[in-house]
Amino acid sequence: MKIAVIGVGYVGLVTSACFAKLGHTVIGADNDKNKIAKLNAGGIPIFEPGLEEIVSDGVKHGRLTFTSNAKEAIKKSDVVFICVGTPPRPDGSADLSSVEKVAKWAAEVMTSYKLIIEKSTVPVKTGEWVKHTIRKNIKRNIPFDVASNPEFLREGTAIYDFLNPDRIVFGVDSEKAKKVLLELYKDIDAPKLVTNINTAELIKHASNSFLSMKISFINAISRICEKAGADVTKIAEGMGYDKRIARAFLNAGPGFGGFCFPKDVSAFIHIADQLGYDFHLLKSVERVNEEQKMFVVEKVVAAIGAVRGKKIGVLGLAFKPNTDDTRFSPALEIVKMLLKQGAEISAYDPEGMENARKSLKGLKTGSDEYAVMKRADALLILTDWEEFRNLDLPRIKKLLKKPVVVDARNLYDPAKMKKAGFKYYSIGR
Ligand code: UDX
């Protein structure tokens, strides 16, 4: 099939490359000319394991091309995926102006049937609005359909997630749209759930909010654990054996971040509000998440006293491992809070330092894990990178001014750390 993917940011680029891998002909379009030039020259603008290989494979076999002319891409395709950004407005609602633009372009260039599919995370009823926008702007009576096909990709494992999903959701209101979607994904073996468009849109927000709720739940439990002398990791294990609960997303830490969860939770609260429901459960999820970051800062203060003038070595800036993404990263927000209180920070992250320095001008970074620990009053671990799990403890002890470690990701065994001579603080243990 001939596919246009409008918006080759994170979701769009992964979608383009994976559909090309599945044998379709894909044109990725974006109004960022630099990005398109980079892609056409064989480079990729983001860090995502495995992405470069499948992009270059698609380009080499002529199944994947990139353009900055979105209208042209739409014109040449049977299927159009809307993958443009839907960034949060100050009140938490999603800004849909880019989606509207694509709908208008589609209306303008359509000469025969096209299926317009929203993949970007959008508020419920956006599909209806896209349909209405196209109908209002289309010149002739050309048949078209709108569908919702939300993505559930995780950064760091996006290619795997696309090709091996737990489920694929199709929100459609015609048999034809359903047929096209089933054909597009025919080589992917996964449960395919067909619903109406509003339901599909809500599945995405409900899923991300539920996962966020699991994280805030275990973070709240971690606070109780500290007061009760219990171990949150064992509680997660004990709960996780129950198949109805499952162990995933029960790791206590500095709170959830990234470009999806915080934005989607806040958008869902707003959507519910607009529909006349006060989603107070989700408001608490958000509140627990904000408190958790402050709680990590308080932990540092409890460990070394007021931080003004103290040197803190920080490991981790990305919002999670295997990504360079620092958007809405709890690590970066905690670093900002510590800097505001007068701490001297030196930070290291395997991939996230460049982005962190862009959003936090003047941030001091080190060349490796150990460089940031030299003469520091404490070591603070904020992201659960695999390489932070097996550090050389005697070396850390020698480098630090005082042997204090605050581990906001529970990477180390408290008993072992104590035995190694550290004053060790973690979350909920
Ligand atoms: C998420 C969803 O998982 C994905 O389905 C959706 O399409 C986009 O949003 P992503 O943002 O890439 O993906 O990251 P994810 O792995 O879900 O982690 C999100 C945040 O939650 C990270 O900050 C992570 O550190 C945190 N987290 C996750 C926890 O604090 N504890 C956990 O147990 C799991």
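Counting starts at 1 for both ligands and their atoms, in listed order.
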Original post:
In terms of side-chain geometry, is the basic nitrogen of E386 or R389 positioned less than 4.0 Å from the acidic oxygen of its partner?
Top reply: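 Salt bridge: yes.
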Original post:
Are the charged groups of K283 and D278 less than 4.0 angstrom apart, N to O?
Top reply: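 Yes.
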**OP:** Any chance you could lay out the side-chain contact (heavy atoms from CB on, under 4.5 Å) test for I134 and F144, step after step, and finish with the verdict?
**Re:** CA-CA 9 Å; I134 298 178; F144 70 92; 3.6 Å; yes
**OP:** Only counting residues at least two apart or in another chain, list the ones meeting salt bridge (charged side-chain N to carboxylate O under 4.0 Å, His left out) with K234.
**Re:**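 Once residues adjacent in sequence are excluded, the partners of K234 under the salt bridge (charged side-chain N to carboxylate O under 4.0 Å, His left out) criterion are E237.
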Subject >> CG (N390) with more than 12 external heavy atoms under 6.0 Å >> reply: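 No, CG of N390 has 12 or fewer neighbouring heavy atoms, counting only those of other groups under 6.0 Å.
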**OP:** Report, as yes or no, whether the 6.0 Å neighbourhood of atom CZ on R89 holds more than 12 heavy atoms from other residues, nucleotides or ligands.
**Re:**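 Above 12, so yes.
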Subject >> First-shell residues of ligand 1 [heavy atom, distance under 4.0 Å] >> reply: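 Protein residues near ligand 1 are E151, F152, L153, R154, E155, K204, N208, I215, F249, L250, N251, F256, G257, C260, F261, F319, K320, R409.
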